Engineer: 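A single structure is presented below for examination.
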Amino acid sequence: MLLWSLNETANQLGNVSVRTVRRLVERGDLPSVRVGRLIRIPSAAVHDWIAQNSATAHNQPCEVPEAWKG
């Protein structure tokens, strides 16, 4: 199991702040492991969180695909 620091996790989430990662951990949205005084995040947990929170684009297919063609 690969463990990431808070900084590494923040970078993997698209350069969000470390505070955002801490909030996710504190809310229980992102599992963590304590190694002594350090907080580590399993990389698989980050990938799972991304998959669960990813939404498709808001662009819906046009009902009449040829409506734009005059």
Side-chain angles (χ1 to χ4, degrees):
M1 176 186 309
L2 179 63
L3 299 175
W4 288 336
S5 68
L6 294 175
N7 282 332
E8 291 168 325
T9 303
N11 288 335
Q12 292 296 320
L13 290 174
N15 292 323
V16 300
S17 71
V18 173
R19 182 66 189 139
T20 298
V21 176
R22 283 187 184 276
R23 284 187 198 118
L24 290 170
V25 169
E26 289 169 2
R27 285 194 311 221
D29 293 340
L30 198 56
S32 64
V33 176
R34 282 221 174 247
V35 180
R37 292 174 32 187
L38 303 174
I39 298 173
R40 295 293 182 240
I41 314 296
S43 61
V46 175
H47 293 294
D48 291 343
W49 185 87
I50 291 169
Q52 290 174 358
N53 291 287
S54 294
T56 57
H58 295 290
N59 300 336
Q60 299 297 323
C62 184
E63 289 182 25
V64 183
E66 292 157 27
W68 62 275
K69 296 179 182 177

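Note that the coordinates shown come from a computational prediction; the quantities given were computed from them, not determined experimentally.
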Engineer: Scan residues 6-16 for pairs that pass salt bridge (charged side-chain N to carboxylate O under 4.0 Å, His left out), counting only residues two or more places apart or in two chains.
Structural biologist: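 Found none.
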Engineer: Of all residues at least two apart in sequence or in a different chain, which pass the side-chain hydrogen bond (donor to acceptor under 3.5 Å, both in side chains) check with Asp29?
Structural biologist: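 Testing Asp29 for side-chain hydrogen bond (donor to acceptor under 3.5 Å, both in side chains), a comparison that skips the adjacent residues, returns Arg27.
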Engineer: Scan residues 13-37 for pairs that pass ring pair (Phe, Tyr, Trp, His ring centres under 6.0 Å), counting only residues two or more places apart or in two chains.
Structural biologist: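 Residue pairs with at least one partner in residues 13-37: there are none.
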Engineer: Side-chain donor-acceptor contacts of residues 35-47 below 3.5 Å, not counting sequence neighbours, with atom names and distances?
Structural biologist:
| from | atom 1 | to | atom 2 | distance (Å) |
| --- | --- | --- | --- | --- |
| Ser43 | OG | Leu2 | O | 3.4 |

Engineer: As an exercise, state the distance from CG of Asn53 to CG of Asp48, rounded to the nearest 0.5 Å.
Structural biologist: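 So the gap between those two atoms works out to 10.5 Å.
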Engineer: Which pairs pass ring pair (Phe, Tyr, Trp, His ring centres under 6.0 Å) with one or both residues in residues 10-35, sequence neighbours excluded?
Structural biologist: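 As it turns out, there is no ring pair (Phe, Tyr, Trp, His ring centres under 6.0 Å) pair with a partner in residues 10-35 once direct neighbours are skipped.
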Engineer: Give the table of side-chain donor-acceptor pairs shorter than 3.5 Å for residues 14-24, with sequence neighbours excluded, one pair per line with atom names and distance.
Structural biologist:
| from | atom 1 | to | atom 2 | distance (Å) |
| --- | --- | --- | --- | --- |
| Ser17 | OG | Thr20 | N | 3.1 |
| Ser17 | OG | Thr20 | OG1 | 2.9 |

Engineer: Going only through I, L, V, M, F, W and Y residues with side-chain contacts under 4.5 Å, is there a path from Leu3 to Val25?
Structural biologist: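 Per the 4.5 Å side-chain linkage, Leu3 and Val25 are not co-clustered.
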